[in-house]
Amino acid sequence: MVDYKEIESKWQRRWHEARIFDAEPVEGKKFFITVPYPYTSGPLHIGHGRTYTIGDIIARFKRLDGYNVLFPMAFHVTGTPILAIADSIARRDKAVIEQYRGYIAIYEERVDAILERFKDPKAVANFFSERISEDFNRMGYSIDWRRRFNTTEPMYNRFVEWQFKKLYDKGVIKKGKYPITYSIEDGSAVGEDDIEGGDTDKVSVIEHTAIKFGLEDGSYLIAATLRPETIFGVTNLWIRPDARYVRLRVCDEEWIVSREAGEKLRYQKAGADIEVLAEIAGSEIVNMRVKEPVSGREVPVLPANFVDPDVGTGVVYSVPAHAPYDYIAVEDLKRTGELPDTAIEPIKIIDIEGYDLPARDICIEMGIESQTDERLEDATQTIYKEEFYRGVLNERCGRFAGIKIADIKDEVKDWLRTQGVADVFYETSRKAVTRSGAKVVVAVLEDQWFIDYRAGWWKDRAHKLVSRMTFYPEKYRAYMHEIIDWLALRPCARKRGLGTRFPFDRNWIIESLSDSTIYMALYTIAHLLRDVPVESLTEAFFDYVFLGRGDVAAVARDTGVNEDLLNRIRAEFEYWYPNDLRHTAPPHLSNHLVFFLMHHAAIFPEDKLPRAITLNELMIREGKKMSKSRGNVIPLAKVSELYGVDLYRLYCAINADFGAVVNWREEDVDALRRKFNALVALFEDSIDEYALNESEFMHMDRWLMARFYRRLKESIERFRAFRLRDAAINMFFEMVNDVRYYEQRTDVARRRRMVRNLMDAWLVVLSPIIPHICEEIWHRLGHERFISLAKLPEVRTEFMDVRVEREEEYLISLVDDINEILHVARIERPKRIYVYTAEPWKYEILRAIKDVPARDKIKAAMQVRKDETTVEFVKRVMKSNIEYFELSEGAIMAREREYLERVFGCELVIDSEYDPGDKRRAALPLKPAIYVEFATQHSTAVPNDPASG
RNA sequence: GCGGGGGUAGCCGAGCAGGACAAAGGCGCAGGACUUAAGAUCCUGUUCCGCAGGGAUACGUGGGUUCGAAUCCCACCCCCCGCACCA
């Protein structure tokens, strides 16, 4: 048995020792490929591995294709997650500790000792970046590790600062108000990684419209809503009688909201001074009357227990025509007699096809009768969605009448605000707590820093860039254009987390997506910067290196970096940039990737802008998404042990095209393993063989050569077009099938020798996908150099031979035809098979009409040979779709007579005068007539004989 | 609702600048070879009908264009993703 693990580690070691993937600028074409650096908060799994593996396959292929390839890697450390993890471990958070015990155990036995160190975020980052880099080596990735860095290094900080200075100079760094998720208890912003379950169930900030309903005493009940347009249909307010409310002074107004909402408002109106004047029971408010602010109608305040004081303002305005909760609550009150039957009538304000009174209709349809029914949530969702997209405001809505809600919502909101009857209230999209259990609310930051992506010049440049880049799959190009259009303001700094200090306000830290946009440029020079003191990495330094600005001597003097080194750094950047290919996954399109494009477009000149983007879909396992919570992830670190690296790489390449999801199924993996082993065995079987001399080539040898070089040519073309899957299937499944067939037609010994003829070239094309085993066999064949550094085999067109392939096709179809006859006629033991090739006149006609359009074929044929049988013949030709090709059928059959006789176990007679079945006339060119003589059948039962049953 | 991607045999999944497509490849299943046996491997078959290489039906549904459609056009149904202030 082949010891794949041994082979893997042997070649990884030798590649490393020979430093063959360290890329230096040399003459000739270059190829600079990047794949996003991994975030080092934990181990990677086989799903992540797909993207890196494909990146490596491309890198390896490009090397074979004659490019000087740079494939670098670094580690992403910035942001809050790693910090949050370290904090959680420091405060002995059980779930996190369990999780990280598991993670460490993948790699190490001394779990506790390492976990202890994880109180320090740096230790987390270091541990995982170290382990991941080992994983990558174990996957056989052809990475130049000299250029490795991580995103918290001073060098990187300097680089990111430079980026922000460039953006600042372009006038796109701005400051303003911004709502964020926030923990009052911790006094700080919280991101999805700080929030309990935030990674799987994201918490976002939702802007509500807070509408002021006037009470008699001049104060307001504040009702928060997501549907301000429904104000026209309000019939009453809802208050929870057993909840506590507060009377607040907000600027010069008095507001009444739930106690919880009052607390939240303090963080949302940081500028205004807010004071709690009094606390009131909900029940005290019930039955008051308020003025609806748009038309001044008086509506009552009623009790409802579906109201949650911790959602919104704890005051809800009621639109029973369009909100299922409101409808049911009104019905409830009527039923219990608390409200007269006629007291509250729904006011319909939205016309929508298929509904009369939407809220009532859906409650009846779903059979909802109580305000505690959980399905009310579904009903609400359905109605909201339907009305938003399809609903039109009716005549009760004044200036907004006749317009679709989707088109008018924002205008209604703005109108209410400018009228002074509404304000903004932010709420989280769901109730959330931090990992330490503190409540998450929305706070408004007054001086948030943004990147403003709205500038016209910027979007233009980005669109132009996208238009001329290569995308594979192509569909993502259009999507990227759209994303660029959506992009607007984006917060780019936070108060906490690891990362680079914001250069214009050192209290802020640059957010972790904004610092990962143009870092590919740093790869080109990272190894050289190791010799440069951090203080020297000034704006002028990077301006010179990346933009060629300034004078070498002056920059050298100012930075203290000697001129030669400076020039060398500049030259290396010039050599490698632009990034020829960014390979990543679609979830990055709308964040990393669009920033990558935008920031390049803003900062670099045209000739340094990225050239191509390829994306591969994700990987699922046994038909299901992989996730921590499902517990169905396989760590990348285990691939070698569980499956073997080459097998995994092959599976990634062959299971799906980039645009499709890879389904990791054990059953399929096993099947592929068997095929893979068979291929290896095929190669091993030929290692000690001598290649067949070309002068000894017979028909089948030429056939195999023809097949091979045709496939080789196709595969190289597919590889170049990133169609790895097609290339892999062709060189793997299909080619192996050809060899199998060859062996069937010849014999094992000859196959061994012929495979030796093909092996060198075959191994080279397969090596990007399964590098370890190819390297092993390559060396066992006596090659001294690494296959990883080989060049693509020459496509030897002299062996590409259509005729030989056609001849074999002809033979295959003849065998099929005879088999079919034997089957249909139930002939078990044929005695003699007569084969009749078509008469010469049929060839003549076929030749004459091959290029004639279908409707004229008969006419043309009649000119050659005026006969009834000609018409019959042409009709059959047209029906059977015979394509004209000159083959000497008789010669082929004569040559293969022995084979055919062996296959059918009887004598074969070609073109005999003896034609008892009168078959010859049925013969078509390339489709000879067949007559089978057989011994009397004796075993055939008489089907309908009742006596025999 | 808008935008994008899909719906192919028992399953997965190619094909989709119209013709050789009953539809690649894989899995599964059945039969055979090899084997003491199992496994592996290799052959054959796998819509229905047919005692001579044929025919019928089929690529979500229904129409259309064409000598010819899984492939093009139209309508409809269903599934997935994005959009309803997160860019």
Side-chain angles (χ1 to χ4, degrees), chain A residues 178-180 192 202-207 226-227 352 384-391 404-407 409-410 413 426 429 450-451 453-454 473 475-476 478-479 482-492 513-514 586-587 589-591 594-595 598 617 623 654-657 659-661 663 665 667-675 677-678 681-682 725-726 728-730 732-734 736-737 740-741 743-744 748 809 813-814 816-827 853-855 857 878-883 917 919 922-924 926-932 934 937 940 943:
Chain A
Y178 195 71
I180 51 153
E192 68 177 56
K202 226 180 129 186
V203 175
S204 51
V205 173
I206 308 285
E207 185 190 299
L226 284 170
R227 311 180 70 198
I352 176 168
Y384 276 22
K385 195 172 167 173
E386 290 265 89
E387 292 186 337
F388 181 81
Y389 290 116
R390 293 172 44 216
K404 270 171 74 178
I405 293 177
D407 299 334
K409 198 183 195 85
D410 286 348
K413 190 158 64 182
Y426 293 104
S429 56
F450 294 92
I451 299 176
Y453 288 105
R454 294 170 303 188
K475 64 175 175 181
Y476 290 118
Y479 187 44
E482 266 180 64
I483 295 169
I484 291 170
D485 284 333
W486 299 341
L487 215 54
L489 282 173
R490 185 170 200 287
C492 63
L513 286 180
S514 307
L589 276 160
S590 58
N591 43 63
V594 70
F595 301 146
M598 292 294 282
E617 268 293 346
I654 228 163
N655 184 276
D657 187 34
V661 171
N663 189 0
R665 298 205 298 192
E667 203 177 68
D668 291 351
V669 175
D670 279 341
L672 189 68
R673 176 188 289 120
R674 291 197 294 269
K675 304 264 169 209
N677 289 341
L682 196 70
R725 176 172 197 260
D726 292 342
I729 286 177
N730 201 19
F732 191 77
F733 288 130
E734 315 253 23
V736 171
N737 286 347
R740 251 190 239 155
Y741 177 76
E743 179 179 325
Q744 227 188 302
V748 178
E809 249 172 61
S813 79
L814 178 65
D816 280 352
D817 281 350
I818 296 173
N819 267 328
E820 174 148 13
I821 290 167
L822 295 180
H823 172 245
V824 171
R826 304 201 180 144
I827 300 168
R855 62 188 133 78
K857 276 193 196 292
M878 279 159 68
K879 212 164 159 192
S880 61
N881 274 317
I882 290 172
E883 191 195 327
K919 294 289 181 185
L924 298 177
L926 306 181
K927 195 168 172 61
I930 297 157
Y931 176 73
V932 183
F934 53 98
Q937 305 291 298
T940 316

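Worth knowing before you read on, the calculation uses all heavy atoms, side chains too, and leaves out hydrogens, waters and symmetry mates. A, B, ... follow the sequence lines: proteins, then strands. Residue 1 opens every chain. Owing to the predicted nature of the structure, the values given are computational and were not obtained by experimental measurement.
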Between [N] atom [atom2] and [X] atom [atom1], what is the distance in whole Å?
{"X": "A:Ile818", "N": "B:rG53", "atom1": "CD1", "atom2": "C1'", "value": "10 Å"}
{"X": "A:Asp668", "N": "B:rG28", "atom1": "CG", "atom2": "C1'", "value": "11 Å"}
{"X": "A:Asp657", "N": "B:rA14", "atom1": "CG", "atom2": "P", "value": "8 Å"}
{"X": "A:Leu822", "N": "B:rG54", "atom1": "CG", "atom2": "P", "value": "14 Å"}
{"X": "A:Asn655", "N": "B:rC27", "atom1": "CG", "atom2": "C1'", "value": "11 Å"}
{"X": "A:Lys919", "N": "B:rA52", "atom1": "NZ", "atom2": "C1'", "value": "5 Å"}
{"X": "A:Ile483", "N": "B:rG3", "atom1": "CD1", "atom2": "P", "value": "18 Å"}
{"X": "A:Arg665", "N": "B:rG25", "atom1": "CZ", "atom2": "C1'", "value": "14 Å"}

Among [options], the one nearest [X] by side-chain distance:
{"X": "A:Lys927", "options": "B:rG54, B:rA24, B:rC11", "answer": "B:rG54"}
{"X": "A:Glu820", "options": "B:rG25, B:rA14, B:rG53", "answer": "B:rG53"}
{"X": "A:Arg725", "options": "B:rG53, B:rG13, B:rC27", "answer": "B:rG13"}

For [N] and [M], measure between their [atom1] atoms and round to the nearest Å.
{"N": "B:rG10", "M": "B:rC49", "atom1": "P", "value": "15 Å"}
{"N": "B:rC48", "M": "B:rU61", "atom1": "C1'", "value": "23 Å"}
{"N": "B:rA70", "M": "B:rC79", "atom1": "P", "value": "26 Å"}
{"N": "B:rA9", "M": "B:rC43", "atom1": "C1'", "value": "23 Å"}
{"N": "B:rA24", "M": "B:rA38", "atom1": "P", "value": "31 Å"}
{"N": "B:rU65", "M": "B:rG19", "atom1": "C1'", "value": "16 Å"}
{"N": "B:rC77", "M": "B:rG25", "atom1": "P", "value": "37 Å"}
{"N": "B:rG18", "M": "B:rC12", "atom1": "P", "value": "29 Å"}

At what distance, to the nearest 0.5 angstrom, does [atom1] of [X] lie from [atom2] of [Y]?
{"X": "A:Asp817", "Y": "A:Leu822", "atom1": "CG", "atom2": "CG", "value": "11.0 Å"}
{"X": "A:Asn591", "Y": "A:Ile483", "atom1": "CG", "atom2": "CD1", "value": "8.5 Å"}
{"X": "A:Glu617", "Y": "A:Asp657", "atom1": "CD", "atom2": "CG", "value": "10.5 Å"}
{"X": "A:Arg674", "Y": "A:Leu672", "atom1": "CZ", "atom2": "CG", "value": "10.0 Å"}
{"X": "A:Leu226", "Y": "A:Tyr384", "atom1": "CG", "atom2": "OH", "value": "7.0 Å"}

Both A:Asp817 and A:Phe595 contact RNA chain B. Which one's nearest nucleotide lies toward the 5' end?
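The residue whose closest nucleotide sits nearer the 5' end is A:Asp817.
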Can you name the side-chain hydrogen bond (donor to acceptor under 3.5 Å, both in side chains) partners of A:Asn737, sequence neighbours left out?
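A:Asn737 satisfies side-chain hydrogen bond (donor to acceptor under 3.5 Å, both in side chains) with A:Arg740 once adjacent residues are dropped.
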At 4.0 Å (heavy atoms only), tell me whether [X] reaches a base, stays on the sugar-phosphate, or touches nothing.
{"X": "A:Leu487", "answer": "sugar-phosphate"}
{"X": "A:Ala656", "answer": "nothing"}
{"X": "A:Val932", "answer": "base"}
{"X": "A:Glu743", "answer": "nothing"}
{"X": "A:Pro587", "answer": "nothing"}

Minimal non-hydrogen separation, [X] against [Y], with atom names:
{"X": "A:Asn663", "Y": "A:Asn655", "answer": "N-OD1, 3.4 Å"}
{"X": "A:Arg454", "Y": "A:Leu487", "answer": "CG-O, 4.3 Å"}
{"X": "A:Tyr476", "Y": "A:Pro586", "answer": "OH-CG, 3.3 Å"}

Side-chain heavy-atom pair A:Met598, A:Ile451 within 4.5 angstrom cut-off:
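Answer no - side chains too far apart.
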Answer yes or no: is there a side-chain heavy-atom contact under 4.5 Å between A:Glu734 and A:Ile729?
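With C-beta onward as the side chain, the pair touches.
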Grab the stems for RNA chain B, please: at least three consecutive Watson-Crick or wobble pairs, both distances below 3.5 Å, written as range with range.
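Consecutive-pair runs (3 or more) involving RNA chain B: B:1-7 with B:77-83, B:10-12 with B:25-27, B:28-33 with B:41-46, B:47-49 with B:54-56, B:60-64 with B:72-76.
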Results of salt bridge (Lys or Arg N to Asp or Glu O under 4.0 Å) for A:Lys409 - residues two or more places apart only
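With sequence neighbours excluded, A:Lys409 shows a salt bridge (Lys or Arg N to Asp or Glu O under 4.0 Å) to A:Glu229, given in chain and number order.
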With sequence neighbours excluded, tell me which residues meet salt bridge (Lys or Arg N to Asp or Glu O under 4.0 Å) with A:Glu743.
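For A:Glu743, the residues satisfying salt bridge (Lys or Arg N to Asp or Glu O under 4.0 Å) (neighbours in sequence not counted) are A:Arg751.
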One character per nucleotide, please: for nucleotides 38-48 of chain B, 5' to 3', B when the base has a protein heavy atom closer than 4.0 Å, S when only the sugar-phosphate does, - otherwise.
--SSSS-----
Check the interface with nucleotides 81-84 of chain B: list each N/O to N/O pair with the protein under 3.5 Å, or write none.
residue: B:rA84; atom: N7; partner: A:Tyr389; partner atom: OH; Å: 3.4

Classify the ring geometry of A:Tyr479 against A:Trp486: parallel below 30°, tilted from 30° to 60°, perpendicular beyond 60°.
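Correct class here is perpendicular.
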